[in-house]
Amino acid sequence: MGKYGEEGDRLIFKVLDSGEYLEKTLTYKKLLDLSGQTLHQRQLQDKVLASMDSKTNSDTLNSTILAAQGKQSEIESQLIYFINESLTSKRITSEISEKALRYDLTVPFARYVVQHQNEITFPFKRFQVQPVWRADRPQRGRYREFYQCDADVVGSDSLLNEAEFIMIYDEALTQLGLKDFSIKINNRKILSGIAQVIDKSDNIIDLTVAIDKLDKIGLDGVTKELLEKGFTDADIDKLKPVILLEGNNTEKLASLREALAQSEIGLKGCDEIETVFGYIERCPLQTAKLELDITLARGLNYYTGAIFEVKTNEVNMGSIGGGGRYDDLTGMFGLKGLTGAGISFGADRIYDVLEELNLFPAGSNQTTQVLICNFDKAGELYSLPLLQQLRRNNINTELYPAGAKIKKQMEYANNKNIPYVVVIGGDEMQTGLLTFKDMASGVQEKLTADEIVAKLNRD
RNA sequence: GUAGGCAUAGCUCAGUUGGUUAGAGCACCAGAUUGUGGUUCUGGGGGUCGUGGGUUCGAGCCCCAUUGCUUACCCCA
């Protein structure tokens, strides 16, 4: 702020962070500031992810960055970036408007669906790659501004959608070069069933939050947390075999069915998972390991069926994707009974992983092949037709603005890894024989414009 | 929201128990080379030491506050 003059500043959306203005902040790390190679790599990645869009034949959507408030859970609300809209009116007391930067892409998608319900053909699929904001404490792999790539389908309760999402994860992450990652799947109905069999349906949140930490704090830690939350030793004894499920997916399911025999909803969850596994068996995954993981409890607020989480096993990083099914997401905006399912890629975390694994091709940002150097106005004018001729022959060419010393222009070419330089001075303009230099070897020769085109086209 | 660590040049960092004019590497600019980069040599510009207060004859260093960054929690992509 304060960088656009008085007029400009009046139009800026000011952001509140925990009630304090963010001023005099030059670089605010963990907010995105992409440039050069980084941006190029990101575009490369987005391209692959977005290619999934056409493969699954979805619509694309760009939603506004401003999110309606009060649509997230209480816990999520703590992480929302609130906004103070800078009002241009001459009110004496400035009013803080009730706006926030969007927290995710799912809720704005739900709003969009409700607003355009009459124009939309259901089932409606959409793919969306856009930034979201969280007022979180940033740390490794956790940003205040980050890109999510969301794929959702609304208006279909078929479990084929769940299977398709698993295939999208597998396809996109494989294309990006990941070699070892797991897609964990669970079902909210199974969690409900577990709560039901120990007669603790009201405490399902406490239960799942505790179980979710199993791999971090171990069984003892989970037990301790559950006891603190009012669960009894008898409850925990009943839970143990469920929490400590072992074996492959089939074996786990069999044990679960046994444990959940008394719970209709729990068994339904088992059925759903089994159906999805059945679909995936018909079209095996390339790379991903699909694992039933009943400790998975994310997004409990609105998920009602399948729950997904993707983790890379190559790098220490939080989940790089998540999603699930929500039976009534649009309900909060007044449209009841519309079921949907969706997944999200954490684009920035995926980027971090790819970079750590060196999966971006080296030198992928070198695009200019020829730099035209010139010395004065005459050289500038002489060079323009050559610039056009080279570009029309699909040779990426830059013309250095005249006025700099040749040394400066060469340095520019060198720093930008431009392989060829054409020097145009008085002699060249007179004879039409241009100085053509190969930067790698340092060899120079005198060539006509046509000869340069021919030479470069041969490469 | 909880608990640590850090803040010195554009970047990465030195800076002794508190003591002259705060240093290095890289980057940048100029020259050696008036039309030639990448190697080399010479010189140069760059700093309110995050901000505000305090202790002291004297603070980059000690104390307090504040802001920001960062790591691990909570939670999440």
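This one's a predicted model, so the numbers in the text were calculated from it and none came from an experiment. Throughout, protein chains are lettered first and strands after them, A, B, ... in sequence-line order, and every chain is numbered starting at 1.
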When the distance from [atom1] of [X] to [atom2] of [N] is rounded to whole Å, what number comes out?
X	N	atom1	atom2	result
A:Ile406	B:rG35	CD1	C1'	6 Å
A:Phe375	B:rG35	CZ	C1'	5 Å
A:Arg142	B:rC75	CZ	P	10 Å
A:Ile211	B:rC75	CD1	P	13 Å
A:Tyr400	B:rG37	OH	P	14 Å
A:Ile418	B:rG38	CD1	C1'	13 Å

Tabulate protein N/O versus nucleotide N/O from nucleotides 29-32 of chain B, keeping only pairs under 3.5 Å, one per line.
| from | atom 1 | to | atom 2 | distance (Å) |
| --- | --- | --- | --- | --- |
| B:rC29 | OP1 | A:Lys408 | NZ | 2.1 |
| B:rG31 | OP1 | A:Lys405 | NZ | 3.2 |
| B:rG31 | OP2 | A:Lys405 | NZ | 3.4 |

* A:Gly322 or A:Gly426, whichever maps to the more 5' nucleotide of RNA chain B ->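 Nearer the 5' end of the strand: A:Gly426.
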Have a look at [X] and say if it touches a base, only the backbone sugar-phosphate, or nothing, with a 4.0 Å heavy-atom cut-off.
X	result
A:Gly321	sugar-phosphate
A:Lys311	nothing
A:Ser319	sugar-phosphate

* Give the stems involving RNA chain B, where a stem is 3 or more consecutive Watson-Crick or G-U wobble pairs (i with j, i+1 with j-1, and so on) under 3.5 Å. =>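 Only these stems qualify: B:1-7 with B:67-73, B:10-13 with B:23-26, B:28-32 with B:40-44, B:50-54 with B:62-66.
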Can you tell me, in whole Å, how much space there is between the [atom1] of [N] and that of [M]?
N	M	atom1	result
B:rU16	B:rC63	P	15 Å
B:rC57	B:rG18	C1'	12 Å
B:rG68	B:rA30	C1'	37 Å
B:rG58	B:rU17	C1'	15 Å
B:rA14	B:rG25	C1'	10 Å
B:rC13	B:rU8	C1'	9 Å

Return all side-chain donor-acceptor pairs below 3.5 angstrom for residues 311-318 of chain A, not counting sequence neighbours, or 'none' if the list is empty.
| from | atom 1 | to | atom 2 | distance (Å) |
| --- | --- | --- | --- | --- |
| A:Thr312 | OG1 | A:Glu314 | N | 3.1 |
| A:Asn313 | ND2 | A:Asp180 | OD1 | 3.0 |
| A:Asn313 | ND2 | A:Ser182 | OG | 3.0 |
| A:Glu314 | OE1 | A:Lys179 | N | 3.0 |
| A:Glu314 | OE1 | A:Asp180 | N | 3.4 |

* Would you give a per-nucleotide map of nucleotides 40-45 of chain B, 5' to 3', where B means the base has a protein non-hydrogen atom under 4.0 Å away, S means only the sugar-phosphate does, and - means neither? => ------
* Are a donor atom and an acceptor atom from the side chains of A:Glu428 and A:Thr435 found within less than 3.5 Å of each other? ->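 Side chains of A:Glu428 and A:Thr435: pair found under 3.5 Å.
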* Does A:Asp212 have any side-chain hydrogen bond (donor to acceptor under 3.5 Å, both in side chains) partners at least two apart in sequence or in another chain, and if so, which? ->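 Counting only residues at least two positions away or on another chain, A:Asp212 forms no side-chain hydrogen bond (donor to acceptor under 3.5 Å, both in side chains).
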* Do A:Tyr351 and A:Tyr147 have their ring centres less than 6.0 Å from each other? ->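 When the ring centroids of A:Tyr351 and A:Tyr147 are compared, they turn out to be at least 6.0 Å apart.
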* Asked: Is A:Glu228 atom CD crowded by more than 12 heavy atoms from other residues, nucleotides or ligands, each under 6.0 Å away?
  ->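 Yes - once you tally the heavy atoms of other residues, nucleotides and ligands closer than 6.0 Å, there are more than 12.
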Has the side chain of [X] got a donor or acceptor that lies under 3.5 Å from a partner of the other kind on the base of [N]?
X	N	answer
A:Glu428	B:rG35	yes
A:Gln444	B:rU36	yes
A:Asn414	B:rG38	no

* **Strand contacts (RNA chain B) in residues 429-438 of chain A, 4.0 angstrom heavy-atom criterion** =>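 Within residues 429-438 of chain A, the residues near RNA chain B are A:Thr435, A:Lys437.
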* A:Arg140/A:Glu356 ion pair, N-O < 4.0 Å ->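 Between A:Glu356 and A:Arg140 there is a salt bridge, with a charged N closer than 4.0 Å to a carboxylate O.
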